[in-house]
There are 2 protein chains.
Amino acid sequence: MGQGGSGTLGGENLLFLTDEQLRKGIEAMFFAYRGFTADPDRILAEHGYGRAHHRALHFINRTHGTTVNNLLTVLGVTKQSLNRVLRTLIEDGLVDSRIGRTDRRERNLYLTESGKTLERKLSEAQRDRMRAAYRAAGPQAVAGFRQVLEAMMDDEIFRQYIALKERRT
Amino acid sequence: MGQGGSGTLGGENLLFLTDEQLRKGIEAMFFAYRGFTADPDRILAEHGYGRAHHRALHFINRTHGTTVNNLLTVLGVTKQSLNRVLRTLIEDGLVDSRIGRTDRRERNLYLTESGKTLERKLSEAQRDRMRAAYRAAGPQAVAGFRQVLEAMMDDEIFRQYIALKERRT
DNA sequence: ATTTTATGTCAGCCTTGTTGACATTCCAAG
DNA sequence: CTTGGAATGTCAACAAGGCTGACATAAAAT
């Protein structure tokens, strides 16, 4: 079924953006995202958590000491929704919430040791899958993969995320 | 762009699979998927539907006359979950469910005219986003994108999907 | 002193996953 | 032919995790 292979894709590009090509891309995205989340989902289920907990753990780990508000922006959910998840993580001792030093209204969020342990377990599972895909596809394909994904993001959200990383060293 | 691939992987690619690279890929996947679903989500919300309805419409359109069971396999949800979505689509006159001719236990699913209309509206929005990303990244990047996604899918699920398409001409 | 901001919480709704129970239909073994 | 099991699909009830709205508190900003 392959459309001639990547060679054909180089030159003439009238076929390149057919609805059929785009549909294949859309379906690939759907199936790949499912594969992408499958392994962490299994681990999370063992602990009684869901994807929402994974996202929180990931970004708290990624940006130590981030505030609730920052997390809301990155995750794109309401505070009520995030709060529910965050509360269970704090209660279970995976996340530490400390009152801000400069602004005492803020809460700075940190992973505890057991929080780091779970985060590592989850991200290792996900990295393993990603690594296997990267290996199978090769470095040039990976570069293309990243380019397309970045073009597909909601620009505003992405810019906010970048700004966030820069603000806190 | 011959992904002469595995050859290059041997050599200059120790940096290529660092945890940092993989983490960036993981986050790109997260943000991109959100962008990928954002436009259809808005349209669906106007109609009082969710993503599950979109998925059902997409695959019914893709494989006219498919059965509930086939759809379950492709979508990877329980029949009860799919049934709820399917019921509303049938009630609203977007999907037509006909008793199977050869096996009367089965239901063959078809989009009605208004079902096709909504499906087209949704997929156009999604294709627009995908097309923009493809244009921005270029054909070589797209080839890589597809390669990585395909390597990332759950093999079993994907194989079932392919088998499905072949079974019904 | 007053207003605004950051956070947390309660209540209630919706979508979409889950499991369990059940009806219908088909098919194969007796 | 009948009967019991397997396949298919429907209905009911529950849980996770989105959402909105209302409100409380503490701290910062004006």
Side-chain angles (χ1 to χ4, degrees), chain A residues 30 33-34 37-38 40-57 60 65-92 95-109 164 167-168, chain B residues 30 33-34 37-38 40-60 65-92 95-109 164:
Chain A
F30 169 66
Y33 197 76
R34 206 159 62 185
T37 53
D41 282 355
R42 267 189 291 275
I43 296 168
L44 288 158
E46 290 167 18
H47 294 251
Y49 294 132
R51 247 178 241 182
H53 300 84
H54 185 186
R55 294 195 282 261
L57 290 173
I60 293 171
T66 191
T67 66
V68 173
N69 228 351
N70 286 349
L71 216 46
L72 289 181
T73 306
V74 172
L75 296 177
V77 297
T78 60
K79 62 175 181 176
Q80 294 91 331
S81 195
L82 174 60
N83 187 256
R84 190 174 19 204
V85 166
L86 226 40
R87 191 166 49 208
T88 70
L89 291 174
I90 292 167
E91 279 169 5
D92 296 354
V95 168
D96 191 11
S97 166
R98 302 184 207 153
I99 292 176
R101 287 167 311 162
T102 58
D103 187 335
R104 292 168 49 80
R105 289 172 305 180
E106 295 184 340
R107 299 287 179 276
N108 295 118
L109 303 169
L164 219 84
R167 206 192 311 160
R168 49 193 58 253
Chain B
F30 169 67
Y33 197 76
R34 208 160 59 186
T37 54
D41 282 355
R42 267 188 291 272
I43 296 168
L44 288 158
E46 289 167 18
H47 294 251
Y49 294 131
R51 247 176 241 182
H53 299 86
H54 185 187
R55 294 195 282 262
L57 289 173
H58 177 103
F59 284 105
I60 292 171
T66 191
T67 64
V68 174
N69 224 356
N70 287 348
L71 217 47
L72 289 181
T73 306
V74 172
L75 296 177
V77 296
T78 59
K79 60 181 177 174
Q80 294 89 334
S81 190
L82 174 60
N83 185 255
R84 190 192 307 115
V85 166
L86 229 37
R87 190 168 49 212
T88 71
L89 291 175
I90 293 166
E91 280 169 6
D92 295 353
V95 168
D96 190 13
S97 166
R98 302 184 206 153
I99 293 176
R101 287 166 312 163
T102 59
D103 187 335
R104 292 166 50 79
R105 291 172 302 182
E106 294 183 341
R107 299 289 178 276
N108 295 118
L109 303 170
L164 218 83

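Computed over heavy atoms, backbone and side chain alike; hydrogens, waters and symmetry mates excluded. Just so we're clear, the structure is a prediction, and the values are computed from it rather than from any experiment. A note on names: the letters A, B, ... follow the listed sequences, proteins ahead of strands, and every chain is numbered from 1.
- The distance from atom CG of B:D96 to atom CG of B:L89, rounded to the nearest 0.5 Å, is 12.0 Å.
- Counting any heavy atom pair closer than 4.0 Å across all strands shown, A:R84 reaches a base atom.
- Considering all non-hydrogen atoms of both residues, A:S81 and A:V77 come closest at CB-CB, 4.4 Å.
- In this structure, A:E106 places its CD atom 10 Å from P of D:dA29, rounding to the nearest Å.
- B:G100 and B:N108 get closest at one heavy-atom pair: CA-OD1, 3.4 Å.
- For the pair A:H53 and D:dA16, the criterion of a side-chain N or O lying under 4.0 Å from OP1 or OP2 is not met.
- The distance from atom CD1 of B:I90 to atom C1' of D:dC11 is 14 Å, rounded to the nearest whole Å.
- Contacts of A:G48 with the nucleic acid, taken as non-hydrogen atoms under 4.0 Å apart, are absent.
- With rounding to whole Å, B:N70 atom CG is found 13 Å from D:dA7 atom C1'.
- For the atom pair CZ (B:R51) and CG (B:L44), the distance works out to 9.0 Å, reported to the nearest 0.5 Å.
- When each of C:dA21, D:dG17, C:dT9 is scored by its nearest atom to the side-chain atoms of A:R87, the top-ranked nucleotide is C:dT9.
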Taking only nitrogen or oxygen atoms into account, show me every contact under 3.5 Å that the protein makes with nucleotides 26-29 of chain C, one pair per line with its distance.
from, atom 1, to, atom 2, distance (Å)
C:dC26, OP1, B:R104, N, 2.8

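- None of B:R107, B:R105, B:R101 except one satisfies the side chain to side chain donor-acceptor pair (under 3.5 Å) rule with B:D103; the exception is B:R105.
- Look at CD1 on A:I99: it is 16 Å from P on D:dT25, rounded to the nearest Å.
- One can place CG of B:L89 at 13 Å from C1' of C:dT15, the figure rounded to the nearest angstrom.
- Summarising the geometry, the separation between CZ on A:R98 and C1' on C:dG8 is reported as 20 Å, rounded to the nearest angstrom.
- For the pair B:F59 and B:L71, the tightest heavy-atom approach, listed with the atom from each and the gap, is CB-CD1, 3.7 Å.
- Atom CG of A:L71 and atom P of C:dG8 are 11 Å apart (whole Å).
- Among the nucleotides C:dT16, D:dC19, C:dT18, the one closest to any side-chain atom of B:T78 is C:dT18.
- Separation of atoms NE2 (B:H53) and CG (B:L86) is listed at 9.0 Å; rounding is to 0.5 Å.
- Atom P of nucleotide C:dT9 and atom CG of A:L82 are separated by 12 Å, given to the nearest angstrom.
- Under a 3.5 Å cut-off, the side chain of B:R34 and the backbone N or O of A:L75 do form a donor-acceptor pair.
- Relative to the side chain of B:A52, the nucleotides D:dT10, C:dG17, D:dA22 differ in distance, and C:dG17 lies closest.
- Contact annotation: B:N83 reaches the phosphate of D:dT10 (side-chain N/O to OP1 or OP2, under 4.0 Å).
- Nearest nucleotide to the B:R107 side chain, out of D:dG18, C:dT9, D:dG9: D:dG9.
- The side chain of B:N69 sits closest to D:dT8 out of D:dT8, C:dT16, D:dT10.
- Between the side chain of A:Q80 and the base of D:dG21, at least one donor-acceptor pair of N or O atoms lies under 3.5 Å.
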